[in-house]
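Structure first, commentary second.
Excluded from the calculations below are hydrogen atoms, water molecules and symmetry mates; all remaining heavy atoms, backbone and side chain alike, are included.
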Amino acid sequence: IALTATATQSVQQDIIENLKLNNCRSFKGSYLRDNLHIGIKKTEDTRNALIRILQKKSGPVIIYVGTRKESIDFSRILRASNIESCSYHGGMHADEKQKSYDLWKNERVRIMVATNAFGMGIDKANVRMVVHMSIPNSIENFIQEIGRAGRDGFPSYTVLLYNSNSVLRSEEMKKASIVSPELTQTIYTKLNDYFQIARGEQPEEPYDFDMQHFVQTYQIHYMNVYYGLMHLQQEDIILYDQQKQRN
């Protein structure tokens with residue numbers, strides 16, 4: 001048996017082919033859940049709108065933000081408004097992630113502010129609300145993330161807060177995520193220059209990587225570098241451990 005929460009038709013076909021599921025039967029449920037109330041609200045003051053919403057609702061909450069920095073910043077903003085929260089992002093050490101997750105899961109802290117790194121394996125039945133403070137990368141991501149609310153079948157709420165800046169930022173992120181083979185090659189070449197690695201040399205020791213310094217040194221867009229590194233890792237050309245990244 002192969003199970004997945006959301007998958008496009010092409011991904012479903014890949015699963016069937018790669019697992020050699022000959023003559024298999026496919027069962028697909030609906031994304032629509034009657035207990036899940038989905039809201040989208042345009043407001044120029046997204047921060048105060050978030051605080052007002054949280055003050056009206058009770059129960060565990062997940063707030064999805066676009067960057068690691070925002071996960072920390074929004075958590076601080078909430079605490080300054082006497083709303084207890086913790087943060088979670090892909091750059092945290094495993095013990096820090098576990099500590100935040102345990103605080104939230106055991107309801108010692110009601111609100112988790114996280115990037116989409118807070119995803120796989122998160123199964124808390126009584127999440128009453130999921131809030132998006134940035135526009136998700138895709139409809140599939142959006143469905144997966146709001147689907148973490150109300151798994152116990154009781155009424156739950158999701159809301160996407162956005163403004164004109166959110167739309168512009170989303171468009172910029174999408175453009176930055178499309179990294180050409182030529183730019184990926186340039187990033188790889190510059191990585192070798194940055195760490196003074198000779199052509200064909202296979203380093204045995206890991207390097208500390210300051211992405212912000214790398215971006216400033218070679219004048220390449222931060223998100224282009226990020227997605228370029230992701231592509232190089234997918235191709236097994238580099239091993240990129242985000243938890244050890246200096247910034």
- line: The reported gap from OG in Ser75 to CD1 in Ile72 (rounded to nearest 0.5 angstrom) is 8.5 Å
query: When rounded to the nearest 0.5 angstrom, what distance separates CD in Glu84 from CZ in Arg108?
result: 11.0 Å
task: State, yes or no, whether a side-chain contact exists between Asp14 and Gln9 at a heavy-atom distance under 4.5 Å.
output: no
field: Between Asp102 and Gln98: side-chain donor-acceptor atoms closer than 3.5 Å
entry: yes
statement: Looking only at heavy atoms, the pair that brings Met112 and Ser87 closest together is SD-C, 4.0 Å
query: Under 3.5 Å, side chain of Gln185 to main-chain N/O of Glu182, donor-acceptor pair present?
result: no
message: Would you say that Ile1 contacts Leu3 through its side chain, given a criterion of any heavy-atom pair below 4.5 Å between the two side chains?
response: yes
Residue pairs, two or more places apart or on separate chains, that pass ring-ring contact (aromatic ring centres under 6.0 Å, His included) and touch residues 127-152: Tyr64-His132, His132-Phe142
Shortest non-hydrogen contact between Gly90 and Thr115, atoms and distance: N-OG1, 4.0 Å
message: Do Tyr88 and Ile62 sit in one hydrophobic cluster, given that two such residues count as connected whenever their side-chain heavy atoms are within less than 4.5 Å of each other, even indirectly?
response: yes
Donor-acceptor under 3.5 Å (Ser71 side chain, Arg68 main chain): yes
- prompt: Under the 3.5 angstrom rule, does the side chain of His89 hit a backbone N or O of Gly91 as a donor-acceptor pair?
  reply: yes
field: Stacked cation flag Arg128 on Phe154, 6.0 angstrom / 45 deg
entry: no
field: Arg110 side-chain N/O to Ile83 backbone N/O, donor-acceptor pair under 3.5 Å
entry: no
query: Got a sec: does the CD1 of Ile16 have more than 12 other heavy atoms crowding it under 6.0 Å?
result: yes
message: Is any side-chain heavy atom of Pro60 closer than 4.5 Å to one of Trp104?
response: yes
Considering all heavy atoms, the nearest Met133-Leu161 contact: SD-CD1, 3.7 Å
field: Co-membership, hydrophobic cluster, residues Leu191 and Val225, 4.5 Å side-chain
entry: yes
- prompt: In terms of hydrophobic clusters joined by side-chain contacts under 4.5 Å, are Leu50 and Val61 together?
  reply: yes
message: Restricting to non-hydrogen atoms, name the atom on Ala2 and the atom on Leu19 that form the minimum distance, rounded to 0.1 Å.
response: CB-CD1, 3.9 Å
query: Do the side chains of Ile63 and Phe74 join up, straight or via other hydrophobic residues, at under 4.5 Å, putting them in one cluster?
result: yes
- prompt: Ignoring hydrogens and geometry, is there a side-chain-to-backbone donor-acceptor pair from Asn35 to Gly150 under 3.5 Å?
  reply: yes
- request: For Met211 and Leu229, run side chain to side chain contact (heavy atoms under 4.5 Å, CB included): C-alpha distance rounded to whole Å, both residues' side-chain angles, the deciding distance at 0.1 Å, then the answer.
  value: CA-CA 10 Å; Met211 189 185 291; Leu229 294 176; 3.7 Å; yes
field: Check ion pair Glu107-Lys124 (N to O, under 4.0 angstrom)
entry: yes
task: Decide if atom CG of Asp34 counts as having more than 12 heavy atoms of other residues, nucleotides or ligands within a radius under 6.0 Å.
output: no
message: If you compare all heavy atoms of Ile146 against all heavy atoms of Thr158, which two are closest, and at what distance to 0.1 Å?
response: CB-CG2, 3.6 Å
Please list every donor-acceptor pair under 3.5 Å in which a side-chain atom of residues 36-43 meets a protein atom from a residue at least two apart or in another chain.
| unit_1 | atom_1 | unit_2 | atom_2 | d |
| --- | --- | --- | --- | --- |
| Thr43 | OG1 | Asp45 | N | 3.3 |

task: Step through the shown structure and confirm whether more than 12 heavy atoms of other residues, nucleotides or ligands are within 6.0 Å of OH on Tyr188.
output: no
query: Are more than 12 heavy atoms from other residues, nucleotides or ligands located less than 6.0 Å from atom CZ of Arg33?
result: yes
message: If you apply the rule side chain to side chain contact (heavy atoms under 4.5 Å, CB included), what do you find for Tyr227 with Ile178, and how did you get there?
response: CA-CA 8 Å; Tyr227 285 108; Ile178 303 172; over 6 Å; no
query: For the hydrophobic clusters of this structure (ILVMFWY residues joined by side-chain heavy atoms under 4.5 Å, transitively), does one cluster hold both Phe214 and Tyr222?
result: yes
- prompt: For Val109, which fellow cluster members are found when Ile, Leu, Val, Met, Phe, Trp and Tyr are connected by side-chain heavy-atom distances below 4.5 angstrom, either directly or through intermediates?
  reply: Leu103
field: Exercise: identify the closest heavy-atom pair between Pro203 and Ile197
entry: CG-CD1, 3.7 Å
field: Point-to-point distance, once rounded to the nearest 0.5 Å, from CZ of Arg151 to CG of Asp123
entry: 5.0 Å
- prompt: Looking only at side chains, do Thr189 and Asn192 share a donor and an acceptor under 3.5 Å apart?
  reply: no
query: Does the Glu96 side chain pair with the main chain of Met92, one donor and one acceptor, at a distance under 3.5 Å?
result: no
query: Do the non-hydrogen side-chain atoms of Ser180 and Leu183 ever get within less than 4.5 Å of each other?
result: yes
field: Distance under 6.0 Å and angle within 45° of ring axis: Lys57 vs Tyr157
entry: yes
field: Residue pair Asn224, Val215: steps toward the side chain to side chain contact (heavy atoms under 4.5 Å, CB included) verdict
entry: CA-CA 9 Å; Asn224 283 153; Val215 166; over 6 Å; no
- prompt: NE2 of His231 to CD1 of Ile237: how many Å apart, nearest 0.5 Å?
  reply: 6.5 Å
field: Distance, nearest 0.5 Å, that separates OH of Tyr207 from CD of Gln196
entry: 9.0 Å
message: Once rounded to the nearest 0.5 Å, what's the spacing between atom CG of Leu54 and atom CE of Met129?
response: 7.0 Å
